[in-house]
Amino acid sequence: MARLCDATLAALPADVARPGYDRRRASIGVVHLGVGSFHRAHQAVAFDDLLASGDPRWGLSGASLVRPAMRDALAPQDGLYALLVRDGGGTRPRVVGALRELLVAPEAPGAVVARIAAPDTRLVTLTITEKGYDDDGPGGAVALLAAGLSARRAAGLGGLSLLSCDNLSRNGARLHARLRASARASDPALADWIDACVACPGTMVDRIVPSTTDADRAEAAARLGVDDAWPVAAEPFTQWVVERRFAGEAPPLEAAGAQLVDDVAPWEAMKLRLLNAAHSSLAYLGASAGLATVDAAIAEPRLRAFVERLWSQAASTLPASVRGEAPAYGARLLGRFANPALRHRLLQIAMDGSRKLPQRLVATLLDARRAGLPHDAPLLAVAAWIRFCDGRDEAGGGLPLDDPLAARLRAAAAGDAASVARAMLAIDEVFGDAATDARLADDLAAALSTLRERGALAAAAMHGALSSRPSRT
Ligand code: CS2
């Protein structure tokens with residue numbers, strides 16, 4: 001079968017949406033660091049829409065920071081790939097044309113730096129995962145950005161807007177702080193220039209994008225009539241909220257479907273504490289109980305009731321400006337989670353828990369405890385993660401612990417509930433200053449014992465019976 005590429009684009013079946021613009025005229029205005037499935041189903045689609053609206057400045061250069069696999073898959077396809085938008089009504093294929101160039105930082109860091117420093121570059125977007133912000137060593141995103149910005153400064157070019165699109169609270173501020181610290185260490189004048197010329201608006205990004213499977217590849221080939229080495233499947237819903245503070249001219253992101261706001265923090269808190277918190281809870285409780293996907297987990301009545309309780313407890317910790325929206329947000333999420341066509345694997349979500357838990361569940365748990373509000377649901381969800389770290393499901397099968405702290409977590413997760421709770425709470429990266437909450441170790445140990453004795457589904461169903469004792473320590 002022929003391969004998807006510019007030359008085969010015109011012959012695609014009529015029901016496959018495709019770039020309605022001349023790709024050769026699209027210049028590269030955006031550099032993306034971390035070109036994975038989420039980016040290709042989210043920001044790249046927004047820039048594809050912008051290109052289709054007749055503004056040719058928004059082509060993408062996509063850089064991989066670790067492996068060459070994406071370049072190897074998409075370079076022979078001229079950067080084209082199929083987005084398979086799925087729900088109960090079927091699959092709607094769309095070929096996305098915004099990716100004009102694919103780079104591989106470990107092979108040619110200079111090419112990435114040069115692209116950041118190119119005069120036409122207006123924006124850098126990043127999806128480097130939660131753990132990407134820990135790494136400011138050579139070849140990491142922060143080092144590439146610092147080198148690119150230094151070259152821009154030397155060439156007398158303007159600064160840039162850098163958009164972190166990872167699920168972290170204060171993602172823009174975090175990126176800015178890392179970048180500044182790295183520049184300060186090597187070139188204090190560059191750090192000052194970054195303060196003056198570089199903007200890191202916070203963003204909230206949302207679209208559920210399961211990792212690509214061979215079944216997705218087969219479906220893309222069947223629908224397109226050509227092979228696509230790396231299509232991407234996603235739900236119909238997509239949302240991008242961006243703070244309105246850019247370096248220089250604001251990019252027309254509203255025309256690309258984004259919402260521009262003064263402060264993204266309430267949006268970010270709502271998404272992390274409702275959507276992502278429920279995802280992680282379903283992942284750890286569901287995987288222990290032997291379930292495989294989000295739709296299977298949310299169809300289990302005890303888990304669904306648990307998630308609704310989690311949402312109501314988390315909603316009380318949200319900023320007042322969005323608290324009232326939580327019920328409608330949750331109702332919509334139930335529909336998104338139930339999407340029968342996505343087959344979003346719980347083990348995909350379970351990865352990197354030590355980097356995801358703080359902003360998804362630990363923050364809610366600690367805020368609720370400090371305020372004396374009910375919090376048995378986030379408590380049980382954190383205990384479910386701890387249980388997951390011991391590497392066995394309830395039937396004795398193995399569960400993979402894919403986490404930068406895997407060795408420490410596995411060691412801390414073994415033993416009686418009280419000592420496991422204490423050892424886990426001592427992991428600063430996850431729990432921060434929670435050790436000052438004297439009763440938390442006891443409450444976590446109790447929740448962990450319930451999980452071990454009764455199993456995840458029964459524990460989830462024990463409404464409030466675990467510990468929702470207010471604690472003001
Ligand atoms: C998920 C997210 O894998 C995970 O941790 O919770 O990727 C989630 O699907 C997205 O944030 C949805 O926008």
Side-chain angles (χ1 to χ4, degrees), residues 34 36-46 83 85-87 125-133 163-169 171 202-213 232-242 257-259 264 267-287 291-295 297-298 303 307 310-311 314 329-330 332-339 341-364 378 381-382 384-385 388 399-404 430:
S37 289
F38 183 77
H39 166 70
R40 295 188 301 132
H42 190 275
Q43 305 97 54
V45 178
L83 169 70
V85 178
R86 287 204 177 124
D87 59 19
T125 54
L126 297 92
T127 50
I128 56 175
T129 78
E130 292 86 346
K131 60 181 182 249
Y133 296 79
L163 268 60
S164 162
C165 301
D166 286 293
N167 287 317
L168 281 165
S169 37
N171 53 13
T203 74
M204 185 277 267
V205 291
D206 190 6
R207 186 168 212 173
I208 295 175
V209 186
S211 36
T212 302
T213 63
V232 55
E235 64 171 339
F237 182 91
T238 182
Q239 188 179 22
W240 195 6
V241 184
V242 181
Q259 290 159 258
V264 83
W267 300 87
E268 189 179 76
M270 183 155 77
K271 196 236 168 182
L272 289 167
R273 294 185 184 205
L274 301 182
L275 189 160
N276 295 115
H279 255 174
S280 292
S281 305
L282 290 172
Y284 300 123
L285 290 164
L291 298 168
T293 59
V294 173
D295 63 307
I298 204 67
L303 291 182
V307 162
L310 173 73
W311 284 339
Y329 189 89
R332 182 165 201 180
L333 277 182
L334 282 177
R336 293 172 64 193
F337 287 179
N339 186 331
L342 276 182
R343 301 206 44 78
H344 193 192
R345 288 170 52 251
L346 297 175
L347 291 178
Q348 178 185 344
I349 299 167
M351 278 174 50
D352 291 345
S354 70
R355 293 299 189 273
K356 292 176 174 173
L357 241 62
Q359 59 277 10
R360 296 181 177 203
L361 289 160
V362 175
T364 301
V382 172
W385 169 69
F388 178 89
L399 290 172
L401 184 56
D402 192 340
D403 193 291
V430 181

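Side chains included, hydrogens not; waters and symmetry mates left out as well; all remaining heavy atoms used. Counting starts at 1 for both ligands and their atoms, following the listed order. On a predicted model such as this, the values are computed, not experimentally measured, just so you know.
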Around atom 1 (C) of ligand 1, find the nearest protein heavy atom and jot down its residue, atom name and distance.
H279 ND1, 3.4 Å

If we number the atoms of ligand 1 from 1 as shown, the ones under 4.0 Å from a heavy atom of K356 are 3 (O), 4 (C), 5 (O)

Of all protein heavy atoms, the one nearest atom 11 (O) of ligand 1 is K271 NZ, 2.6 Å

Report the residues that fulfil side-chain contact (heavy atoms from CB on, under 4.5 Å) with A292, sequence neighbours left out, ordered by chain and then residue number.
none

When distances are taken from atom 2 (C) of ligand 1, the protein heavy atom at minimum range is N276 ND2, 3.6 Å

Are side-chain N/O atoms of Q43 and T125 paired as donor and acceptor at under 3.5 Å?
no

Show your reasoning for whether side-chain contact (heavy atoms from CB on, under 4.5 Å) applies to L310 and L361.
CA-CA 10 Å; L310 173 73; L361 289 160; 4.0 Å; yes

Donor-acceptor check, side chain of D402 to backbone of M351, threshold 3.5 angstrom: yes or no?
no

H344: partners by ring-ring contact (aromatic ring centres under 6.0 Å, His included), with sequence neighbours left out
H279

Counting non-hydrogen protein atoms only, what is the nearest one to atom 7 (O) of ligand 1? Give residue, atom name and distance.
N167 ND2, 4.2 Å

Heavy-atom contacts with D206 under 4.0 Å: which atoms of ligand 1 show up? List them by number with element.
12 (C), 13 (O)

Whether D295 side chain and L342 backbone form a donor-acceptor pair below 3.5 Å
no

Structural part of H344 in contact with ligand 1, heavy atom criterion under 4.0 angstrom:
side chain

Is R360 touching ligand 1 with its side chain, its backbone, both, or neither, if touching means heavy atoms under 4.0 Å apart?
side chain

With a 4.0 Å cut-off on heavy atoms, is Q239 in contact with ligand 1?
no

